[in-house]
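One structure is given here, and the rest of the page talks about it.
Order of the sequence lines fixes the chain letters, A, B, ..., with proteins taken first and strands second; residue numbering starts at 1 for each chain. Note that the structure is predicted; figures quoted are calculated from it, not measured.
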Amino acid sequence: MTIHSPTSTTDEILDVTDRTEAVNNGDASDLARTAPRGPVMETRDLNVFYGDFHAVHDVNLSFGRHEITALIGPSGCGKSTVLRSLNRMNDLVAGAKVQGSVTYHGEDIYGPKVDPITVRQHIGMVFQKPNPFPKSIYDNIAYGPRVTGMKVTDMDAVVEDALRGAALWDEVKDKLKSPAYGLSGGQQQRLCIARTIATRPDVILMDEPCSALDPIATARIEDLMSELKTEFTIIIVTHNMQQASRVSDRTAFFTARPDETTGNRTGLLVEFNRTQDIFEAPADPRTEAYITGRFG
Amino acid sequence: MNVAAVTASRATTQSLRTGGNKDRNVASLVFLCALWFSLFFGVAVLVVLIVDTAIAGAGRFDANLFTNYESTVRKGETGFRAGILGSLWLMMSTALLAIPLGIASAVYLEEFADSRAWYNKFVEVNLQNLAAVPSIIYGMLAAAIMTILGYTYQGIVLGGAIALALLILPVIIISTREALRAVPQEIRHGSLALGATVWQTTWRQVLPSAVPGIATGTILGLSRAIGEAAPLIMIGVATVRFDPAWLTDKVAALPVQIYNLASAPQEELQQAASAAIILLLLMILGMNALAILIRNKFQRNW
């Protein structure tokens, strides 16, 4: 096993405990002692295959409540694959297979009686490219609550709350009935975030949410993430290391290792720690090489 | 050699103003002429046919053509009332049969089917084959179905509709699949990530987005069906002298009537046939124009 389990000081553990005080007690994980107690989600020996291709090898992560966890690493290191396996979006890829476990509040989301639809209602997702529906701004937001059968007495209020939550309300309040495609790229992405929070998920997965946006729009989304974390648990995949260091509480660094016989690159987790430690005192030389720009 | 040196040597050895144009040598021009001729040939044949028909039929393109039934007694006033109404009945019932079946099949194949399963591959291959089957075969197939259904006389609205629906089903399925495929995957993923089911995603996101494409393909399919005579003759659609009022009524069809009259020895009847051809062409052009209109008006650039 090549996964590096970083050790941590007592101070850090205390710090973590402080931050997750309000969280119910979970089993302390041996695998990631730096991880928060009572994590919302955990992966244990997660392996993902696409057909014969081994995409991700033995990933052990835990995601703390009301924290932002960033998954970083070079292209092809499997970070997006890990993210998509957290709400079973990988099921949509033909031939995708998951081994190991992904638990949500201790429950395996790949368990035999688990409906992926229900999983996705709890664990929402924002994509790389803004993908609003070809409908009005209002209907984009109302769609989720409608299809998931949420008991809504006042849809207007739900829409307003979601748009306020995504810091978009002031910009669109006078044109709720106009098509979402008329919005700018950054506004569209905030609409997609609003659409996701309208269904009141617990966890929000973000797959490079700013990679299609300009720096100003990116800054707005980053501010938004910091606000959202008071209500949601956020897991973000990003190519942008500055972004990871700016917004996240914890960072997982992945890299890819070529298979000796086939040459296929399998992604693996190198280091998972508090963001500050990853960027200031990385424990693994590969992490250090990556964050200092010598690799990837 | 550094970049500056390369630039300098090219500038001194070759001027940009050579005076010629490599795109206008003899071979290129000959090839261009060949292309023009091919295009001209196709268009010319079509124009000659249409003009010839129009001249031949213009004299009979009058109210009688629409209001009178076919008459071999008053040849100069013979009409296509039964054929026109029959074709409209056939179109309507064909649409009712073929559109739901075609769209449902396409939705299954695109949104639900596991494309790696052998039975889906089998359907896939046969769908392509069906689109290439000669129309008369569909007439035979419809005749067989009508026999199973227990109709001894098959030249009725239902029989014609079954034949034409079978004929255009592959067209509708294929064009609907194209329209569904044009809906970006991101829309489906966006919907599924919110916790919508595949069914909700298809019904509320994918199908509405694909409606313009589906409508276009369906209308083009129907405009092919309205001009078909062979499968209708095959199941025994003949001339009638009354208006069809229900699916089990005997029916006439415009193309079949044209076929019968165009081969008649009397000049008046041939003239009437030409007039009816103008009408049929106008109907088909109208439907195609509608299809193009829908496509241009609602086409979405993702």
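- Distance alone, capped at 3.5 Å, is enough to place a donor-acceptor pair between the A:Asn131 side chain and the B:Glu186 backbone.
- Pairing each heavy atom of B:Gly190 with each of A:Phe127, the nearest pair is CA-CE1, 3.9 Å.
- Taking 4.5 Å as the limit, some side-chain heavy atom of A:Lys135 sits within range of a side-chain heavy atom of B:Gln205.
- With contacts defined as side-chain heavy-atom distances shorter than 4.5 Å, the pair B:Arg204/A:Tyr143 qualifies.
- At a 4.5 Å heavy-atom cutoff, the contact between A:Met125 and chain B is made by backbone and side-chain atoms alike.
- Within 6.0 Å of CH2 in B:Trp203 there are 12 or fewer heavy atoms belonging to other residues, nucleotides or ligands.
- At least one side-chain heavy atom of A:Phe133 sits less than 4.5 Å from a side-chain heavy atom of B:Leu194.
- Contacts of A:Arg195 with chain B are made by both backbone and side-chain atoms, with heavy-atom separations under 4.5 Å.
- Note: B:Thr201 OG1 to A:Ile117 CD1 = 7.0 Å, rounded to the nearest 0.5 Å.
- A:Pro134 approaches B:Ile187 most closely through the heavy-atom pair CD-CD1, 3.8 Å.
- For CG of B:Asn129, the number of neighbouring non-hydrogen atoms (other residues, nucleotides, ligands) closer than 6.0 Å is greater than 12.
- In this structure, the side chains of B:Ser191 and A:Val147 stay at 4.5 Å or more apart for every pair of heavy atoms.
- B:Ser115 does not touch chain A: none of its heavy atoms, backbone or side chain, sits under 4.5 Å away.
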